[in-house]
Amino acid sequence: MPDLVQVRDVRRRFGDHEVLRGASLTVAEGEMVALLGRSGSGKSTLLHLMAGLDRDYTGQVCLAGQDLATLDDRALSRLRNETVGIVFQAFHLLDHLSCAENVMLPYAFSAAPRPPAAARRLAMEALSRVGLADRAHSLPGALSGGQRQRVAIARALCLQPRLLLCDEPTGNLDEETGEQILELFSALHREGLSLLLVTHEQRTSRRADRVLWLREGVLHAEAGPA
Ligand SMILES: Nc1ncnc2c1ncn2[C@@H]1O[C@H](COP(=O)(O)OP(=O)(O)OP(=O)(O)O)[C@@H](O)[C@H]1O
Ligand SMILES: [Mg+2]
């Protein structure tokens with residue numbers, strides 16, 4: 001399988017603090033990779049780079065064979081829209097919009113905007129997928145943490161990405177809800193979606209094809225923390 005993501009020797013610093021110090025990884029088409037590491041090790045930073053949301057790095061980040069540094073903002077947005085769905089560590093749902101409207105947001109910004117009726121139908125499909133069709137008209141504030149997380153996943157899925165990046169998708173969930181979300185990820189994985197899941201939980205990493213540890217700014221295969 002070709003690589004959907006290639007990160008080569010990436011460095012990212014905030015002021016004096018170099019968080020990524022030559023990080024390299026690949027995610028193959030259809031692969032599920034778990035990314036582990038201590039709090040503050042740079043997992044979210046790395047995810048944002050892979051999603052093309054942060055361009056302030058050295059080294060190379062390629063998505064679907066394209067080096068992100070060679071793309072202007074417009075081309076980068078288009079590639080991101082066509083390729084990546086991201087579920088942020090803090091859900092980033094807009095509280096004044098209903099769940100369905102939150103899920104429809106990416107259509108408004110996509111390179112090929114859908115007519116509202118089509119966008120609404122696709123949003124409803126995505127909400128059904130995460131078991132929340134009946135909450136389409138609720139505001140996020142009226143939902144539990146697990147339900148909000150599922151809305152965020154539906155939004156990430158609505159443009160039918162090839163890669164889903166998730167930042168601690170089950171971190172705030174009870175055992176059973178977390179298990180349901182993991183089942184959903186496994187089903188998406190079986191359908192051929194590539195996933196990169198940041199996690200602290202063994203039950204998540206057990207489902208992955210491969211486990212990577214971020215330590216001292218670089219990635220290590222499998223072995224636990226030093
Ligand atoms: N925008 C920013 N400005 C300054 N420092 C930042 C910024 N983003 C991240 N950092 C710093 O980079 C380091 C890595 O942060 P990051 O959020 O990537 O860690 P993490 O591995 O995701 O941690 P956690 O498991 O707690 O979510 C931290 O020391 C953090 O303070
Ligand atoms: Mg983080």
Side-chain angles (χ1 to χ4, degrees), residues 5-27 31-63 68-69 73 76-77 80 84-94 140 145-146 148-157 161 163-175 177-179 181-182 184-185 194-226:
V5 183
Q6 289 175 317
V7 173
R8 283 202 204 99
D9 200 23
V10 161
R11 291 173 179 269
R12 172 64 162 111
R13 61 166 59 245
F14 297 102
D16 291 341
H17 183 191
E18 190 172 40
V19 177
L20 301 177
R21 303 177 188 173
S24 299
L25 72 92
T26 59
V27 181
E31 195 176 27
M32 184 184 323
V33 176
L35 175 61
L36 283 75
R38 291 209 174 110
S39 181
S41 58
K43 305 181 296 297
S44 297
T45 302
L46 184 59
L47 222 65
H48 292 159
L49 288 174
M50 289 193 281
L53 296 172
D54 175 6
R55 312 194 73 170
D56 206 1
Y57 60 90
T58 65
Q60 197 178 43
V61 180
C62 298
L63 259 185
L68 301 189
D73 287 347
L76 179 61
S77 300
R80 187 196 305 130
V84 191
I86 181 161
V87 180
F88 294 96
Q89 193 163 6
F91 312 137
H92 291 319
L93 296 176
L94 300 185
R148 281 200 288 263
Q149 181 64 301
R150 285 189 275 157
V151 175
I153 292 169
R155 184 179 56 190
L157 291 175
L163 171 70
L164 191 62
L165 300 172
C166 296
D167 207 344
E168 302 199 32
T170 55
N172 302 311
L173 306 181
D174 66 65
E175 182 79 21
T177 313
E179 210 51 47
I181 298 232
L182 292 179
L184 173 64
F185 289 150
S194 305
L195 295 104
L196 187 131
L197 307 175
V198 169
T199 184
H200 287 290
E201 298 182 343
Q202 272 206 346
R203 65 174 177 174
T204 306
S205 55
R206 271 201 301 269
R207 289 177 184 254
D209 300 316
R210 213 147 49 84
V211 178
L212 297 173
W213 281 86
L214 183 55
R215 198 182 327 122
E216 307 285 328
V218 296
L219 288 150
H220 304 264
E222 288 291 344

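Any value given below was found using the heavy atoms of this structure, including those in side chains, with hydrogens, waters and symmetry copies removed. Each ligand, and each atom within it, is numbered from 1 in the order the structure gives. Counting begins at 1 with the first residue of the sequence.
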Heavy-atom gap H200 to ligand 1 smaller than 4.0 Å | yes
Under 4.0 Å to a heavy atom of [X] - the qualifying atoms of ligand 1, by number:
X	value
G42	14 (C), 16 (P), 18 (O), 19 (O), 20 (P), 21 (O)
H17	29 (O)
Q89	27 (O)
E168	25 (O), 27 (O)

Please check: side-chain N/O of [X] versus main-chain N/O of [Y], any donor-acceptor pairing under 3.5 Å?
X	Y	result
K43	G37	yes
R38	R215	no
T26	Q6	no
R210	V33	no

Provide the closest heavy-atom pair for [X] versus [Y] in the form atom of the first, atom of the second, distance.
X	Y	answer
F185	M32	O-CE, 4.1 Å
P169	L197	CG-CD2, 4.4 Å
R11	G22	CG-N, 3.6 Å
A23	L219	CB-CD1, 4.1 Å

Between M50 and the options D54, L46, L53, the side chain to side chain contact (heavy atoms under 4.5 Å, CB included) test singles out L46
Reported CZ-to-CG distance for the pair R21 and L214, which is rounded to 0.5 angstrom | 10.0 Å
Residue, atom name and distance, where the atom is the protein heavy atom closest to [atom]:
atom	answer
atom 25 (O) of ligand 1	K43 NZ, 2.7 Å
atom 12 (O) of ligand 1	V19 CG2, 3.2 Å
atom 1 (N) of ligand 1	F14 CE2, 3.6 Å
atom 17 (O) of ligand 1	S44 CB, 3.7 Å
atom 26 (O) of ligand 1	S39 OG, 2.6 Å
atom 23 (O) of ligand 1	G40 N, 2.8 Å

Who are the ring pair (Phe, Tyr, Trp, His ring centres under 6.0 Å) partners of H200, not counting sequence neighbours?
-> none
Should the proximity of T45 to ligand 1, defined as any heavy atom under 4.0 Å, be assigned to the side chain, the backbone, both, or neither?
-> both
Which is it for R38 and ligand 1 at heavy atoms under 4.0 Å: side chain, backbone, both or neither?
-> backbone
Are there any protein N/O/S atoms under 2.8 Å from the Mg ion (ligand 2), and if so, which?
-> S44 OG, Q89 OE1
Evaluate the side-chain proximity of R155 to L93: yes if any heavy-atom separation is below 4.5 Å, no if none is.
-> yes
For atom 30 (C) of ligand 1, is the nearest protein heavy atom closer than 4.0 Å?
-> no
Look at E179 together with R207 and state whether they make a salt bridge at an N to O cut-off of under 4.0 Å.
-> yes
Geometric N/O contact G37 with ligand 1, under 3.5 angstrom | no
